[in-house]
Amino acid sequence: MTQNCLSAATLYVVATPIGNVADMSSRAVGVLREVDCVAAEDTRVTRHLLDVHGLQTRLIALHEHNEERAAQSVIQMLSQGKRVALVSDAGTPGISDPGSRVVRLVREAGFVVSPVPGANAAAAAISISGFACPHFLFYGFLPARQSARRQALEGLAPLLYSVVFYEAPHRIIDCVSDLVAVMGAERRILIARELTKLFEQTWCGPLSQALAWFAEDAHRSKGEFVLVVEAAPEPQGPDPISPEAEKTLGILLEALPLKQAVALTVSITGTHRNVLYERALSLKQAI
Ligand code: SAM
């Protein structure tokens with residue numbers, strides 16, 4: 001990529017690999033080569049990435065503790081017409097990583113922000129889950145404290161979206177225990193461990209079996225994790241009325257008051273009372 005392809009006074013938000021270095025796009029390499037400066041979550045991590053690709057671009061630190069201040073340096077460079085790239089240690093900046101605040105400030109200052117998309121652990125996990133039909137929700141990290149974690153899960157449990165969580169290895173067992181307790185043992189989970197790395201491993205099954213899977217091998221609770229929990233089951237509609245119940249109800253309604261006709265139809269056919277009551281009301285209106 002030549003410098004001409006990059007626009008002046010633009011912040012490029014560049015995704016980097018989540019494990020496998022080969023997952024760096026050639027466009028991302030070109031942008032990191034051509035920008036005037038790379039704002040990085042950890043300059044040592046990004047220096048290594050730049051070395052792998054033979055790049056010597058200038059680095060500045062932009063992490064969660066200096067994001068506002070570093071954003072001002074970025075804005076100053078942009079106001080001089082420079083091009084700046086933003087990267088995090090791994091994956092897409094701004095997704096459970098620093099980046100969101102600087103992007104907002106740069107945008108508010110009137111400069112263009114442009115994405116250079118690439119690896120993201122959540123997208124990688126959902127893509128191999130088979131659960132995204134059609135909706136999913138990205139939650140990221142749950143609270144560290146159990147009471148807050150359970151409270152958050154209680155809000156998520158009834159949603160008709162598969163939910164994607166990030167979790168650290170030292171909390172993975174506690175987190176999965178809470179998922180079993182709150183989401184229910186029947187719900188399926190995809191455990192995606194060390195994606196794109198040497199020891200990549202995935203397991204999919206009911207939450208009831210997830211803790212046993214971890215217990216089989218101590219290595220399974222080490223590394224980086226994405227958890228995808230399948231959506232809550234669709235609520236069941238009212239029981240259908242059998243043709244026999246429909247016929248019985250119709251005959252009884254001609255001779256009896258509505259309540260009595262419904263009660264007798266319940267006794268004769270075993271159909272749920274509320275379903276018959278609703279049906280009786282609409283039949284009466286139609287008569
Ligand atoms: N911005 C990153 C992204 O785009 O995915 C996420 C950064 S967040 C600080 C790090 C968390 O992402 C890890 O704790 C883990 O939950 C998840 N993660 C990152 N890389 C992963 C990988 N290779 N395999 C599984 N999970 C990963």
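The chain is numbered in sequence order, starting from 1. Since the model is a prediction, treat every value here as computed from it, not as a measurement. Whatever order the structure lists them in is the order used to number ligands and atoms, beginning at 1.
Between Arg193 and ligand 1, a contact under 3.5 Å exists for no N or O pair. Close N/O approach between Ala122 and ligand 1 is not found [any backbone or side-chain N/O within under 3.5 Å].
Those atoms of ligand 1 with a heavy atom of Gly91 less than 4.0 angstrom away are 3 (C), 4 (O). Those atoms of ligand 1 with a heavy atom of Ile95 less than 4.0 angstrom away are 1 (N), 2 (C), 6 (C), 7 (C). Residue-ligand proximity, Thr92 to ligand 1, at heavy-atom distances under 4.0 Å covers atoms 1 (N), 3 (C), 4 (O). Taking every heavy atom of Asn120 and a limit of under 4.0 angstrom, the matching atoms of ligand 1 come to 3 (C), 4 (O), 5 (O). Counting the atoms of ligand 1 from 1 in the order shown, those under 4.0 Å from a heavy atom of Asp97 are 1 (N), 2 (C), 7 (C), 9 (C). Each of the atoms 23 (N), 24 (N), 25 (C) of ligand 1 lies under 4.0 Å from some heavy atom of Glu194.
Protein heavy atom in closest approach to atom 17 (C) of ligand 1: Tyr166 CD2, 3.8 Å. Nearest protein neighbour of atom 24 (N) of ligand 1, counting heavy atoms only, is Leu195 N, 2.8 Å. In terms of protein heavy-atom proximity, atom 26 (N) of ligand 1 is nearest to Val226 CG2, 3.4 Å. Among all non-hydrogen protein atoms, the one lying nearest atom 15 (C) of ligand 1 is Phe225 O, 3.3 Å. Annotation: atom 18 (N) of ligand 1 to nearest protein heavy atom, Ala121 CB, 3.5 Å. Here the heavy atom of the protein found nearest to atom 9 (C) of ligand 1 is Ser96 O, 3.1 Å. The protein non-hydrogen atom at the shortest distance from atom 14 (O) of ligand 1 is Phe141 CZ, 3.3 Å. With respect to atom 21 (C) of ligand 1, the closest heavy atom belonging to the protein is Glu224 OE1, 3.7 Å.
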Q: In sequence, state the C-alpha distance, the side-chain angles, and the governing distance for Cys175 and Phe225, and then conclude on side chain to side chain contact (heavy atoms under 4.5 Å, CB included).
A: CA-CA 11 Å; Cys175 174; Phe225 291 91; over 6 Å; no

(Q) Please determine whether salt bridge (charged side-chain N to carboxylate O under 4.0 Å, His left out) holds for the pair Glu68 and Arg101, giving the CA-CA distance in whole Å, both sets of side-chain angles, and the decisive distance to 0.1 Å. (A) CA-CA 7 Å; Glu68 303 270 337; Arg101 267 182 290 168; 3.7 Å; yes

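The side chain to side chain contact (heavy atoms under 4.5 Å, CB included) test with Tyr139 singles out one residue from Val164, Leu227, Leu156, Val229, and that residue is Leu156.
In the model, Ser88 has a side-chain atom that pairs as donor or acceptor with a side-chain atom of Asp97 under 3.5 Å. Counted by atom type alone, Gln146 and Asp174 present zero donor-acceptor pairs between their side chains at under 3.5 Å. Ser25 and Arg27 share no donor-acceptor pair across their side chains, judged by distance under 3.5 Å alone.
Atom CG of Leu49 sits about 15.0 Å away from atom CZ of Arg44, to the nearest 0.5 Å.
Only the side chain of Lys197 comes within 4.0 Å of ligand 1, counting heavy atoms alone; its backbone N, CA, C and O stay farther away. Only backbone heavy atoms of Ala90 (N, CA, C or O) come within less than 4.0 Å of ligand 1; its side chain stays farther off.
In this structure, Gly19 does not count as a contact residue of ligand 1, since none of its heavy atoms falls inside 4.0 Å of the ligand. Taking 4.0 Å as the cut-off, Phe165 does not count as a neighbour of ligand 1 on heavy-atom distance. Using a 4.0 angstrom heavy-atom cutoff, Thr196 does not count as in contact with ligand 1.
The closest donor-acceptor contact from the side chain of Glu194 to the backbone of Gln201 lies at 3.5 Å or more, if one exists at all.
Under 4.0 Å is where a charged nitrogen must lie from a carboxylate oxygen, and between Arg193 and Glu200 no such pair does. With respect to the salt-bridge test (charged N to carboxylate O, under 4.0 angstrom), the residues Arg220 and Glu216 qualify.
Listed by chain and number, the residues in a side chain to side chain contact (heavy atoms under 4.5 Å, CB included) with Ser100 amount to none (sequence neighbours excluded).
For Arg273 and Tyr277, the positive end sits near the middle of the six-membered ring, less than 6.0 Å away and at most 45° from its axis.
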